[in-house]
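Step one of this worksheet: look at the structure below.
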Amino acid sequence: MNQIRSQLAQLNGSANALFILYYTAQGEPFPNNLDKLCGPNVTDFPPFHANGTEKARLVELYRIVVYLGTALGNITRDQKILNPSALSLHSKLNATADILRGLLSNVLCRLCSKYHVAHVDVTYSPDTSGKDVFQKKKLGCQLLGKYKQVIGMLAQAF
Amino acid sequence: MALSEVFQTTFFLTLLSLRTYQSEVLAEHLPLTPVSLNVSSNSAHQSLHLQWTVQNLLYHQELKMVFQIQISRIETSNVIWVGNYSTTVKWNQVLHWSWESELPLECATHFVRIKSAVDDARFHEPNFWSNWSSWEEVNVQDSLGQDILFVFPKDKLVEEGANVTICYVSRNIQNNVSCYWEGKQIYGEQLDPHVSVFHLSSVPFIRKTGADVYCEVSQGSVSKGIKGIVLFVSKVLEEPKDFSCETQDFKTLHCTWDPGVDTALGWSKQPSQSYTLFESFSGEKKLCTHKNWCNWQITQDSQETYNLTLIAENYLRKRSVNILFNLTHRVYPMNPFSVNFENVNATNAKMTWKVHSMKKDFTYLCQIELYGEGKMMQYNVSIKVNGEYFLSELEPATEYMAQVRCADASHFRKWSQWSGQNFTTLEAAPSEAPDVWRNVNSEPGSHIVTLFWKPLSKWHAKGKILFYNVVVENLDKLSRPELHSVPAPAKITKLTLDQRSYRIWVTASNSVGTSPASVIVISADPENQEVEEERIADTEGGFSLSWKPQPGDVVGYVVDWCDHPQYTLCDLQWKNVGPNATSTVISTDAFRPGVRYNFRIYGLSTKRIACLLEKKTGYSQELAPSDNPHVLVDKLTSHSFTLSWKYYSTESQPGFIQGYHVYLKSKARQCHPRFEKAILSDGSECCKYKIDNPEEKALIVDNLKPKSFYEFFVTPFTSAGEGPNATFTKVTTPDEHSSMLIYILLPMFFCFLLIMIVCYLKSQWIKETCYPDIPDPYKSSILSLIKFKEKPHLTIMNVSDCIPDAIEVVSKPEGTKIQFRKSLTETELTKPNYLYLLPTEKNYSGPGPFICFENLTYNQAASDSGSCGHVPVPLKLPPSQLGLMISPENVQKALEKNYMNSLGEISAGETSLNYVSQLALPMSGDKDSLPTNPVEPPHCSEYKRQMAVPLCLASPSPTENTSLSSITLLNPGEHYH
């Protein structure tokens, strides 16, 4: 659990910087219209109940991390094509994805070893490859806004 | 058989005729109508794609047809485009045609219809159009979904400068929609209540990642969201510049070009433009992998002419450039190699090199450049494969750089790159005698000859000079010449010669040989120093020197001077002048302003003897004096004083001193005679006197007022100005009568001083004579009074009969000698009845042994100095008093008074002298108990008054209070502590 807490804290510490880096790299109108373009309006984001049992919280955490992992994968892929020169953004996205993978492994380990949960039904972030460029940028911004909000809550809950 | 062949032929001809007839009939009478029109849309390309077939075409029939297409927007009657499309139509062929809309298809419903006509030359009659097909509707809006706002076109790629139409579809007409292009609001026209259109004209390139166009939908003041698109604006593809091809080996053509701007865009919307080479004669094509060069393989079929086209292409545009050339005219040879030098000697060398073989009978034109000695020589030579060239007229011991490049001799197009190598020619013997000069200092019995020579130029040295040979030959005495070898790079040597004539030969040697000799003769006669020095001025560009020609034959003149005369090593320079010259100009960068340069002009006789003709001195630029003289004021009287500065050196100044200015300030408004008024730099007025003679270094300032205040300042001047500003020196003239007073007061003072000295020296005598401390009764006037009263029995006590008080003399035990030179009283005591030397206890750790003696009389001095206390001195006393009490010197001083006996020689520090007063000792008795806590000494006023008493009364009475006397009479051998 300590590792999970530590990883959550690490993610929480870098989430805001990642968000800022992202919307800055997109250019106008994103930096000046954060509430309209980057509001955390992700409808299918997995829920989290902080007052649940540890097992329930871990299961919900697992779902969230899976969702975020795929979403960050989409964003990283899109940004590498759209903004090939935004190396710091790519680096931060990759670093966050790496921590998420580690967190996912630790959560699954905890679920399996303590609660004998070997399988959790998960939902993935929708694929953005068919979307137009503006939509991709906007979805990425919304997702990172949501991620910043959720990761703070998760870090507090554990 | 023949019949059947005839029949068959007839049948086919008939059938052919029939088919042709049928076609013509059908074409002329049956309408060839487009059918099965299908219209689809491509949102990405904003295009409508039409497919149709033509009805009534016969099997295998091919006809040229023209199709007219009408496109309407929003409603069928609103035709926005009509156009024809001609093509050859086959039977059962599905025809395709596309139309790109400037308005995104999602923003409006489009309608399409088509009709056709035969446009074939085989039909002579005029064509007629078929009927229109029915309208085909294209409505993309229905498939958009239920979002509140849509903006189109999405991710459109356009070229810089294009016009772009943007539209939005709003589901709710109540909503207010504002659109922005790169942050600036744009305004459009409403196509229908749901759709608005914006026209962006001549869009610029903004960034590779595209520019955002977004629309914000709001209801009232509440924002409902933002939708947007990214518009990718590409830079215009440029035509490749400087496209050219050449070969270095007749195997490969290397083509290069300047690609211009890169039109790549982000998001993989458009990659960098591609380049393709196409050769029209061979029909071959090659896609180039680099953006600015490409290699084309030359085929071996000896194709000589090439027509190469370079095609640049991106998603939006294609550009091409073309060159047509003969391969043999496009030869760019490879660099020559193996450049070498053979048979290199002092003046020539053979250069060899190789070139790459091209093809049979190919001739190269090669160019050689030779760099050395700051020059460049160029040579051309034609070669086949191996090149060589003989380089001559080279300089010995010189490093050269030779390089070679080659080109096609038949069809010159371009030189190859240079290939080069350095080489150095060998040394040769020096070709010129060194330029030698001398300086002769005559000393008694000898000449100190300093020889100077200038290093040979590289041109004359022809190698590295290793040493200089100096051969000294005595001309007055037959002797073997002396050889002095001076290693290079020395430029000077010193010889001590006797006062005979000598001929000196100087040569320079390198590794190959020796230079011709330079000869100079030192005469036995001393150099003529009695030549007057003449002042010269520097003209622009140097010192212009002229002299009278020397009588007799001269081989030339030499002018010498020092570049740095202010230093010990003054860097002697000389200039050789021809025998006919009587003037020259000495010019050098070494000359500095404010430095005096001395020039000596010598004539060189045919015997090579130098004779001093003239001396010149001057400044390249005179400066104002650097310092002012130190002026002394002398002979100060009430009416005058003298200023003198005789030690001021005029020679060391940065200019010829022409005189002095003496400035004088006084309270008087009027200047003294010979002085004139002057205004100082600070604006104040003063009087100025000019001395024109630089050797006049004194001035008498007279006509002054007594007891007046004057200020003066003396400064030299040169042609450049005066010396530095300095403060005025103040002088006050004395009072007119003060001298008289001095004449009176001074002798008086000396007289008084003499009297004082005499009085001091005879003070003892005066004191004894005039006011003795103990008057001599025999000398007293009272005796006369007594005599007058006639009392003859009255006697006067003799002082020598008195027994004095005791005095202790304390001394260290180490054999300190204590001597008494005098008795304790004026009357000599031959027998020390009252004085004892006290031996010291060995274990005593106190202040030391002491001698006790009686105090003959009370000494006021001792009393004043606190000696009335007991010894050891109380520790509570202040140090000053302590010193007075314990110091033997003080005691001794006190004893030296008239009424105290001298102690003789008592060495300070070793012996302490304790005065024992008449007061009782507080610690008398216990010899071991030293007074660690001393008692306060009683006040001197309690001291028992001394009087002269007879000997019998000197011993204290047992009844007397012992505390009143400090006398301790001890038997010899008794110890006292």
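In what follows, chains carry the letters A, B, and so on, assigned in the order in which the sequence lines appear, proteins first and then strands, with residues in each chain numbered from 1.
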What are the residues of residues 191-206 of chain B, in order of number, with any heavy atom under 4.5 angstrom from a heavy atom of chain A? none
Tell me, side chain or backbone of B:Ile229 under 4.5 Å from chain A's heavy atoms, or both, or neither? backbone
With A:Phe134, which of B:Val213, B:Leu231, B:Val151, B:Ile226 fulfils side-chain contact (heavy atoms from CB on, under 4.5 Å)? B:Ile226
For chain A against chain B, give me the donor-acceptor pairs closer than 3.5 Å, one per line with atom names and distance.
unit_1, atom_1, unit_2, atom_2, d
B:Lys154, NZ, A:Asp132, OD2, 3.3
B:Asp155, OD1, A:Val133, N, 3.1
B:Asp155, OD2, A:Val133, N, 3.1
B:Asp212, OD1, A:Lys137, NZ, 3.1
B:Asp212, OD2, A:Lys137, NZ, 3.2
B:Glu216, OE2, A:Lys36, NZ, 2.7
B:Ile226, O, A:Lys138, NZ, 2.7
B:Trp267, N, A:Ile81, O, 2.9

